[in-house]
Amino acid sequence: MTAAESADRVQTYDPRAIQEKWQARWEAMDLFRASDDPEDTRPRRYVLDMFPYPSGDLHMGHAEAYAVADAMARYYFQRGDNVLHPIGWDAFGLPAENAAIRGNSHPADWTYKNIETQAASFRRYALSFDWSRRLQTCDPEYYQWTQWLFLRLHERGLAYRKDGYVNWCPVDQTVLANEQVISGKCERCGSEVARRSLTQWYFKITEYADRLLADMAPLEGKWPDPVLLMQRNWIGRSEGAEVSFAIEGIEGAEGAAEPVTVFTTRPDTLYGATFFVVAADSVLAAELCAPEHRAELDAYLADVRKLTDIERQATDREKTGVFLGRYAVNPVNGEQIPVWAADYVLPDYGTGAIMAVPAHDQRDLDFARKFGLPVRVVVDTGGPDPAETGQATPGEGTLVNSGPLDGLSKADAIQTITGILAERGTGQAAVNYRLRDWLVSRQRFWGAPIPILYCEGCGEVPVPEEDLPVRLPDLRGQDLAPKGVSPLAAASEWVNTTCPKCGGPAKRDTDTMDTFVDSSWYFLRYCSPGYTEGAFEVESVRRWSPVDLYVGGVEHAILHLLYSRFFVKVLYDMRMVDFVEPFTALMNQGQVINRGKAMSKSLGNGVDLGQQLAAHGVDAIRLTMVFASPPEDDVDWADMNPDASVKFLGRVTRIAADAGTASAAGAGAVASGDIALRKVTHRTISEVTRLVEGTRLNVAVARLMELATATRRAIDSGPGAADPAVREAAETLAVLLSLFAPYTAEECWELLGHPASVAKAGWPSADPALLVEDLVTCVVQVAGKVRDRLAVPPGVTAAELRELALAAPGVSRTLAGRGIRTVIVREPKLVNIVPE
RNA sequence: GCCGGGAUGAUGGAAUCGGUAGACAUGGACGCCUCAAAAGCGUCUGCCUGAGAGGGCGUGCGGGUUCGAGUCCCGCUCCCGGCACCA
């Protein structure tokens, strides 16, 4: 059969017709339901995509991420594993609330409508999900258990309340997320945003800091290195010492004098502390401030509160601060040093106060120079005087001007001074973390209500388990734009309730939980999604978890992954799970950008996925995404050409049509036919298996293209379409292609005379006998440059190869009579001849 | 500023053990098929030089190690991402 004839049978490759035909049939077949039967002995494999936020329809980024994860899930299906590949929606969150306020609709309506849109798109996109396990975090059946988990953390002392700062818009009377603050102004009304203190719930993730660090060791090599590094840096463990400074004039104010403790990584420089700084917006600053400096501090504070976190922490900003009229006493030498308040010290890090050593810390030096404070060198680093150069010397050196520490090295001095402080009870070795506790309260409507009541008599009372879920009040038709603290406060019938302990009046907490709480345990819920006796069925989670492969964007490299890891550790301590890490392997797929930039409305460079799918078909878009680059790299859509994928898919379909017409199904099972093509087929199987296992999908697709070319050649100018090797190649092509282009692969499978579905065909295995090469190419180099090539049997000996190489025409031509110094032989692939 | 990642033809990328640089694809040129076009099928395509055989150069830049470096080491430049005064 010729190419022209095959074109008669498959006139044109029509992706839309194939999609319509197969999507309906697949729905009826329910192909990808995971079996939870404990008797099922197939290897279990949990492949998980980060679940989407239903902000609208799916976009180009989803198209890439889900194509990659789906190829992996389909591979394990083909291998015969019992695969769990679920889908759900991270459905609470701010955009729904904003859309509701703008469009005057209810967040639930907006959310569920978008979910349906995305679900339909997912089905059309032919993802191998087990739809029976679908979940949505905004369903009461789900958030009931989010609340239950909150109560368990509360019970264990891991949920507590304290004051924390929020961005506050004084005009809208609402709390703003960081992303709603645009250069210090409210994104809605443009008024200046201030920081305001609110009492809020926190999860004590810092208690798990060391375990979060230590448990990363087994993830090495299974998670991307940069992610592990970012997690480590985020936790930010540093060793040093706590040092207590008494404050002059504070003692005895309220009974016992509370010295102020600082954390330092450089206790060796204690003799060089020439002033003391507290975070201007900390409680400490207010406590320490002398009455006559109060007005000055208040004025300064007003300025500090206008700054966003980002502005405040800009390195190139000039140092600012005010003197508080107090002096701190250096515990080692009794020296009195002035206490200042400044914004370069952060209230949340360490103790919110520092001892300033300007000679050896650049920030302290900048501050000292600005305000004329003394600079004292206590470590001789051999560098020039910081007071003159303006450059602090933070490096190693010999201690000077430091009493008992003089002459010691930095390391010895740290050890000695820590010992002295401990002896006198004015300090001790300490570890500090950059990680802060997780603020989970949100002054939002569209989230899981915090299941706590406040009773006048009993105080803080957890909602009894049997009263869960604490359902969101409807508030339909009401203005969700908050006029006070939290939108839920407006639902007075909902807020006012009775105390389960004393039966007296009580009020509900009107805040909802951070949506990261919802997403910190959803992967456990998938194991038993309909379970009504608990958050998840312990036995089911034991069978499926931890997740074998987690696929998602690098933008979640820190928070989501860290919080999920924390939750699993807490559940481990509760003996509800028997593992300490939720995700055994992690893959970060890259972003889809356009013309060098992330797609955005303001840049006007957005690409609509729906239009792309309509123009080129689902399979071509999936294939283009996978073939474009290694999965972890960004893809610039402007560089892509989906028509190339359409062309390839048509080519494969015609091959299937030719082979299907020329021979009957089953003919390929006979190990016969054109040996050259059979070798290509089996090498492809072997290579693609290896490449998919290593998630090197772009190269796997290239190998499929090579097999297609070889098969086409065999049909047109080789043994012809009826050869069993051609059928074997065509069937192999269909099965391997099913990972990337499921519709086309299914169509090919039918053209080849097989009943649906190709997804159940089974992954082929390569015949080792066909992987052996008759001849291999040996390159012959002279002085490292290729001068000739030889075709040699793979078993050629070093001596034989050496002789062959020396006799090669390219060698004698290049040597031109020169003598030979050495000959390097790496049989059978390379010989390097080094001339005199 | 710090941390991380990267730089390979006109373009996306391949070469994951230090051993043939440029697989595969796009784009381009040409051929076959066709009344013609499209589609399809095929050949060529890193740069310079040469009629050709061949020769020279070539993986951001400069050094180094090695028989041999895209790959390892040292020093730079530029780009991308993340974090942002972390005591």
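Proteins get letters first, then strands, A, B, ... in listed order; numbering begins at 1 in each. Just so it is clear, the model here is predicted, and its values are computed rather than measured.
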**Message:** Using atom P in both nucleotides, what's the gap between rG60(B) and rU8(B) to the nearest angstrom?
**Reply:** 6 Å
Closer than 4.0 Å, any side-chain N/O of [X] to the OP1 or OP2 of [N]?
{"X": "R651(A)", "N": "rG42(B)", "answer": "yes"}
{"X": "R787(A)", "N": "rG55(B)", "answer": "yes"}
{"X": "K647(A)", "N": "rU26(B)", "answer": "yes"}
{"X": "K785(A)", "N": "rC57(B)", "answer": "yes"}

With sequence neighbours left out, the residues meeting side chain to side chain donor-acceptor pair (under 3.5 Å) with E773(A) are none
Taken in chain and number order and not counting sequence neighbours, the residues that satisfy side chain to side chain donor-acceptor pair (under 3.5 Å) with D210(A) are R237(A), Y433(A)
From [options], pick the nucleotide closest to the side chain of [X]?
{"X": "V786(A)", "options": "rC41(B), rA14(B), rU20(B)", "result": "rU20(B)"}
{"X": "Q781(A)", "options": "rC86(B), rU20(B), rU43(B)", "result": "rU20(B)"}
{"X": "I824(A)", "options": "rU26(B), rC67(B), rA23(B)", "result": "rC67(B)"}
{"X": "L346(A)", "options": "rA14(B), rC86(B), rU20(B)", "result": "rC86(B)"}
{"X": "N698(A)", "options": "rG13(B), rC83(B), rA23(B)", "result": "rG13(B)"}

Expected rows: protein N/O vs nucleotides 2-10 of chain B N/O, under 3.5 Å:
from	atom 1	to	atom 2	distance (Å)
rC3(B)	O2'	N233(A)	ND2	3.3

So, with a heavy-atom separation below 4.0 Å from RNA chain B, the residues of residues 354-364 of chain A are I354(A), R363(A)
Base, sugar-phosphate or nothing for T265(A)? Non-hydrogen atoms, less than 4.0 Å.
sugar-phosphate
With heavy atoms under 4.0 Å as the rule, sort R789(A) into base, sugar-phosphate or nothing. base
For W637(A), the ring pair (Phe, Tyr, Trp, His ring centres under 6.0 Å) test, sequence neighbours excluded, returns none
* To do: Start with the C-alpha gap between V277(A) and V339(A), add the side-chain angles, then the distance that decides, and say whether side-chain contact (heavy atoms from CB on, under 4.5 Å) holds.
  => CA-CA 6 Å; V277(A) 189; V339(A) 177; over 6 Å; no
E239(A) atom CD, over 12 foreign heavy atoms within 6.0 Å = no
Classified by glycosidic angle (syn within 90° of 0, else anti), rG81(B) comes out anti
Problem - Candidate pair R712(A) and I715(A), rule side-chain contact (heavy atoms from CB on, under 4.5 Å), full reasoning - result: CA-CA 5 Å; R712(A) 181 80 259 162; I715(A) 293 170; 3.4 Å; yes
Annotated structure of RNA chain B as dot-bracket, pair cut-off 3.5 Å, Watson-Crick or G-U only, | for inter-strand, is (((((((..(((......[....)))((((((.......))))))((((....))))..(((((..]....))))))))))))....
